[in-house]
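When a residue number appears, it is its place in the shown sequence, counting from 1.
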Amino acid sequence: MASLIPCPHCGRRPKEEFTIKGAALERPAPDAGEAAWMNYVYLRDNPRGAYREYWHHTSGCRRWLIVSRDTATHAVTGAEDAAARKGGKA
């Protein structure tokens, strides 16, 4: 059975309609130092368990989502519109 992603706009859709783009990390302040920006752009944890990632609904509503899933089981526990995130910016 295919994995389904609960798109807040289109309902539950097959994961093949989406493109995964990586960790949903908090962006550093514009005046943060070079080290903070280097970590944000290039370094990623590889956790086992709950994780939040940016996914693009490429073959659907074309919205950016933040998908919560378990990296060990690949079970998706939820999704939200990335534009609804703090400050209205993804």
Output the distance between atom CG (D45) and atom OG1 (T71), rounded to the nearest 0.5 Å. 11.0 Å
For the backbone of R62 and the side chain of H56, can you confirm whether one donor and one acceptor N or O come within less than 3.5 Å of each other?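 Present.
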Contact list for residues 71-83, test salt bridge (Lys or Arg N to Asp or Glu O under 4.0 Å), sequence neighbours left out: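 Found R52-E80, R63-D81.
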Side chain to side chain contact (heavy atoms under 4.5 Å, CB included) partners of A23, counting only residues at least two apart: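 Applying side chain to side chain contact (heavy atoms under 4.5 Å, CB included) to A23 gives L25, R44, Y51.
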Under the side chain to side chain contact (heavy atoms under 4.5 Å, CB included) test, which residues partner A75, sequence neighbours left out? T73
Could I get the full list of side chain to side chain donor-acceptor pair (under 3.5 Å) partners for R13, not counting sequence neighbours?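 Side chain to side chain donor-acceptor pair (under 3.5 Å) list for R13, sorted by chain: E17.
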Going by the rule ring-ring contact (aromatic ring centres under 6.0 Å, His included), which residues pair with Y40 if we only count those two or more places apart in sequence or in a different chain?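 Here the qualifying residues are W37.
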What is the minimum heavy-atom distance between [X] and [Y], and which atoms define it?
| X | Y | result |
| --- | --- | --- |
| V76 | V67 | CG1-CG1, 3.8 Å |
| A24 | Y54 | CA-CE1, 3.5 Å |
| C61 | C10 | CB-SG, 3.5 Å |
| A50 | D70 | N-OD2, 4.3 Å |

So which pairs with a foot in residues 11-32 pass ring-ring contact (aromatic ring centres under 6.0 Å, His included), sequence neighbours left out? F18-H57
Trace of the salt bridge (Lys or Arg N to Asp or Glu O under 4.0 Å) decision for R69 with E53: CA-CA 8 Å; R69 71 177 183 96; E53 302 165 311; 2.6 Å; yes
Check whether I66 and W55 end up in the same hydrophobic cluster, where Ile, Leu, Val, Met, Phe, Trp and Tyr are linked by side-chain heavy atoms less than 4.5 Å apart. no
Is there a path from M38 to V41 through hydrophobic residues (I, L, V, M, F, W, Y) whose side chains come within less than 4.5 Å of each other? yes
For T19 and T58, does a side-chain donor sit closer than 3.5 Å to a side-chain acceptor?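 Yes.
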